[in-house]
Amino acid sequence: MDTTFLMNSLWVMLGAVLVILMIGGFILLETGSTRMKNAGHIAGKTILTFSISSIIFWAVGFGLIFGKGNPLIGFSDFFYSGYDMDSLSLSGAVFFLFQLAFAGISLTIAFGGFAERAKLSAYLVFAVLFSVIVYPPIAHWIWGGGWLAEHGKQDFAGSTVVHLTGAMAALAATILLKPRIGKYNKDGSANNLAGHNQVFTALSVLLLWVGWFGFNAGSTLSVDKGFFGFVAMNTNLAAAAGTIAAMIVSWIVLGKADVPMMLNGALAGLVAITASCAFVETWAAVLIGFIAGISVFYSIRFFEKIKIDDPIAALSVHGTAGVWGTLSNGFFATKELATVGKPGLFYGGGLHQLGVQALGVFTCAAFAFIVSFILLAVMKKVMNGLRVTEEEEIIGLDMSEHGSYGYPELVKAEQQFKVQ
């Protein structure tokens, strides 16, 4: 068997493993960023919904994205067999697993908008619908040879496909679910419903940061000339710049170096560079990450001001940064690296690529939000609501949905202390 085929397959398999391990990072991120009484629920539903998305992706998702079809959707390779695809220089089964991991991550991002108040049944039903109706069309348009690919849309590893899609579904959910109990006062001011474990959140960012090397560098799908190293380098630089920028801006504005904001800056830098990591020079990667770190700070404050309750900042980290990261190609994509589409504005390409990037952002964001909103609105009507009762929310979803706490000793001790 060809050595290149084997090496490519091994490399992308490693990338798939790293991306799937990012699910663990999201468990810690969402758990650490929310309250103790919901910890077990969040951890369990994340594993369960990834399992659902895996089965759905095998049955129909992969075929809808990469199957032979038209510019809007694919129509073949359902219940994918795992055999090699003709156009690939690696194992078809490995490519399938790699793409499955991306679909699972996008769904996990979407569920950030459900946190601390949605019924478990809402997670289960939307996991199926998102994995069939929302994610596959967008992925097909950009990665499956669809109409945006024909226009030269640049999204190397998914700032739009994965992150913006998930964020727009999360936005639809937050609007329909409404804010958590106690988030806003009668005068409109917001309360800080602080997460219970910043150490978990910091560890989650480290796990996601490392997993992102599979996300971005793995998307080269090849070991040829070691180009994955350059992609990984850009990824790391953008994350570092986003971290520093968010820390600086929070320190200046708030008077303190806010730890959660700094961590969000790291993730924003990673999300932003995901679209452009293979198309821009290293200095541009630093600038893209730095701008993402600043933008996430003001985006979080904006959504809180307009009473959009986003417990894990999914809309800002994955939405705002996803938009910026996608558009950044229109400025910084170089002639040498722009293997898809055309160079950016600063490299002699004019406004053409920026226009293509903006078109992709608008259409994909609109599609993901509108379709998700309609699906969730229908679910809300049919399922007698998406949200748990007020009493269940106060008790916590660990107990109301599962009958046991993720931290039984600690929660009981906290309740006893309150009684005293």
Side-chain angles (χ1 to χ4, degrees), residues 1-22 25 66 84-102 105 142-143 149 152-159 161-163 206-243 266 269-290 292 325-326 328-329 332-344 346-347 353:
M1 187 175 287
D2 182 71
T3 302
T4 300
F5 180 91
L6 291 173
M7 291 298 294
N8 289 346
S9 298
L10 182 62
W11 165 240
V12 178
M13 186 67 222
L14 174 60
V17 170
L18 286 172
V19 177
I20 291 172
L21 282 174
M22 289 172 71
F66 298 104
D84 297 333
M85 300 178 73
D86 295 337
S87 61
L88 294 177
S89 59
L90 72 158
S91 162
V94 168
F95 181 72
F96 168 85
L97 284 171
F98 188 66
Q99 293 298 330
L100 180 157
F102 279 59
I105 293 296
I142 298 173
W143 290 344
K153 171 75 159 59
Q154 295 170 347
D155 188 14
F156 188 74
S159 288
V161 174
V162 177
H163 297 282
L206 178 61
L207 287 173
L208 292 167
W209 192 321
V210 172
W212 233 285
F213 294 124
F215 213 96
N216 288 1
S219 292
T220 59
L221 303 180
S222 171
V223 297
D224 185 42
K225 298 180 182 179
F227 184 64
F228 61 83
F230 175 78
V231 173
M233 180 179 177
N234 275 351
T235 300
N236 195 77
L237 290 171
T243 306
L270 288 163
V271 170
I273 199 61
T274 295
S276 56
C277 52
F279 303 131
V280 303
E281 295 182 286
T282 52
W283 72 266
V286 173
L287 182 59
I288 289 167
F290 196 86
T326 303
S328 70
N329 283 290
F332 303 114
T334 74
K335 293 180 180 179
E336 296 78 16
L337 296 174
T339 54
V340 176
K342 295 184 178 181
F346 300 145
Y347 289 85
Q353 193 60 42

- Message: Looking at every non-hydrogen atom in both residues, tell me the closest pair between Ile142 and Ala149 and how far apart they are.
- Response: O-CB, 3.5 Å
- Query: What about Phe98 and Phe95, are their ring centers closer than 6.0 Å?
  - Reply: no
- Side-chain heavy atoms of Trp283 within contact of Leu237, under 4.5 Å: no
- Item | Test side chain to side chain donor-acceptor pair (under 3.5 Å) applied to Thr243 - qualifying residues, sequence neighbours left out | none
- Is the backbone of Phe66 close enough, under 3.5 Å, to the side chain of Trp143 for a donor and an acceptor to pair up by distance? no
- Task: Quick one: closest heavy-atom pair of Ser328 and Ser276, and the distance?
- Result: OG-OG, 3.6 Å
- Hey, does Val280 have a side-chain heavy atom less than 4.5 Å from the side chain of Ile288? yes
- The single option from Ile105, Leu97, Asn216 that satisfies side chain to side chain contact (heavy atoms under 4.5 Å, CB included) with Val19 is Ile105
- Message: Within this structure, what is the OH-CD distance for the pair Tyr347 and Glu336, rounded to the nearest 0.5 Å?
- Response: 8.5 Å
- Task: For Ser9 and Ser91, work out which heavy atoms get closest and say how close.
- Result: OG-N, 2.9 Å
- Heavy-atom check, side chain of Thr339 versus side chain of Phe279, under 4.5 Å: yes
- When rounded to the nearest 0.5 angstrom, what is the spacing between CZ in Phe5 and CG in Leu90? 6.5 Å
- Mind listing the closest non-hydrogen atom pair of Met233 and Thr282 along with its distance? CE-CG2, 3.8 Å
- Query: Does the side chain of Leu270 reach to within under 4.5 Å of the side chain of Phe215, using non-hydrogen atoms?
  - Reply: no
- Note on the structure: What one should report as the nearest heavy-atom pair of Ala338 and Gln154 is CB-NE2, 3.8 Å
- Message: Treating Asn8 as the side-chain partner and Val223 as the backbone partner, does any N or O pair qualify as donor plus acceptor under 3.5 Å?
- Response: yes
- Query: What is the distance from atom OG of Ser89 to atom CG of Asp224, rounded to the nearest 0.5 Å?
  - Reply: 9.0 Å
- Task: Kindly assign one of parallel, tilted or perpendicular to the pair His163 and Trp212, based on the angle between their ring planes and the thresholds 30° and 60°.
- Result: parallel
- Query: Nearest 0.5 Å, what's the OG1-CZ distance between Thr235 and Phe228?
  - Reply: 12.5 Å
- Spell out, as yes or no, whether a donor-acceptor pair under 3.5 Å connects the side chain of Gln353 to the backbone of Gly152. yes
- Query: Rounded to the nearest 0.5 Å, how far apart are CG of Leu21 and CG of Leu207?
  - Reply: 8.0 Å
- Backbone of Thr326 reached by a side-chain donor or acceptor of Ser159 within 3.5 Å: no
- For the atom pair CZ (Phe346) and CZ (Phe332), what is the distance rounded to the nearest 0.5 Å? 5.0 Å
- Query: What's the verdict on side-chain contact (heavy atoms from CB on, under 4.5 Å) for Trp209 and Asn236, showing C-alpha distance, side-chain angles and the deciding distance?
  - Reply: CA-CA 8 Å; Trp209 192 321; Asn236 195 77; 2.9 Å; yes
- Message: If you compare all heavy atoms of Ala16 against all heavy atoms of Ala101, which two are closest, and at what distance to 0.1 Å?
- Response: O-CB, 4.2 Å
